[in-house]
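A short worksheet on the structure shown next.
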Amino acid sequence: QLQLVESGGGLVQPGGSLRLSCEASGSSFSIYTMAWYRQAPAKQRELVAVISSGGRTHYADFVKGRFTISRDNAKNTVYLQMNSLNPEDSAVYYCNARGTPLEYWGQGTQVTVSS
């Protein structure tokens, strides 16, 4: 089992940057594929970025070139560096660990992009 805790959200102006962190506690963090999702009001939860246990990454088209997902297995932490933020990026961002047969979710961290 993993427990995931996100941090780093907050209020930022358009064009600004934030780095989100997701710290995992439990066993075998390094073997999990990790992902970031987000959910804005009146919208469904959507995949933002994925990083495999081997470090391969994939991004949603709407964040490609602006966001970077990374992981530090020694710290049991996955990061999401977000640059060039715009108001459409405002959402609750969730950390996800994909396992077999279970997957795990954090409680989310709020990101608000506004002037």
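FYI, side chains are in, hydrogens and waters are out, and symmetry mates aren't considered; it's all heavy atoms of this structure. Along the sequence shown, the residues carry numbers beginning at 1.
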Going by atom type alone, with no hydrogens or angles, which donor-acceptor pairs under 3.5 Å involve a side-chain atom of residues 60-70 and a protein atom two or more places apart or on another chain?
unit_1	atom_1	unit_2	atom_2	d
Arg66	NH1	Ser84	O	3.0
Arg66	NH1	Asp89	OD2	2.7
Arg66	NH2	Phe62	O	2.8
Arg66	NH2	Asp89	OD1	3.1

Original post:
Do Arg71 and Phe29 meet the cation-pi criteria used here (NZ or CZ under 6.0 Å from the six-membered ring centre, within 45° of the axis)?
Top reply: yes

Original post:
Roughly how far, to the nearest 0.5 Å, is CD of Gln44 from CD of Gln39?
Top reply: 8.0 Å

Subject >> NZ or CZ of Arg19 within 45° of Tyr79 ring axis and under 6.0 Å >> reply: yes

Original post:
Side chain of Glu23, backbone of Asn76: donor and acceptor closer than 3.5 Å?
Top reply: no

Subject >> Gln110, CD atom: more than 12 neighbouring heavy atoms under 6.0 Å >> reply: yes

**OP:** For the pair Ser52 (side chain) and Thr33 (backbone), establish whether a donor and an acceptor sit closer than 3.5 Å, ignoring hydrogens and angles.
**Re:** no

Original post:
For Leu18, which of Leu85, Asn83, Leu11 qualifies under side chain to side chain contact (heavy atoms under 4.5 Å, CB included)?
Top reply: Leu85

Subject >> Audit row: Leu20, Met82, side chain to side chain contact (heavy atoms under 4.5 Å, CB included) steps and yes/no >> reply: CA-CA 8 Å; Leu20 306 183; Met82 305 185 295; 3.7 Å; yes

**OP:** Please say whether more than 12 non-hydrogen atoms of neighbouring residues, nucleotides or ligands are located less than 6.0 Å from CD in Gln107.
**Re:** no

Original post:
Hey, is the main chain of Thr112 close enough, under 3.5 Å, to the side chain of Ser114 for a donor-acceptor pair?
Top reply: no

Subject >> Short side-chain to backbone donor-acceptor contact, Glu6 and Thr109, under 3.5 Å >> reply: no

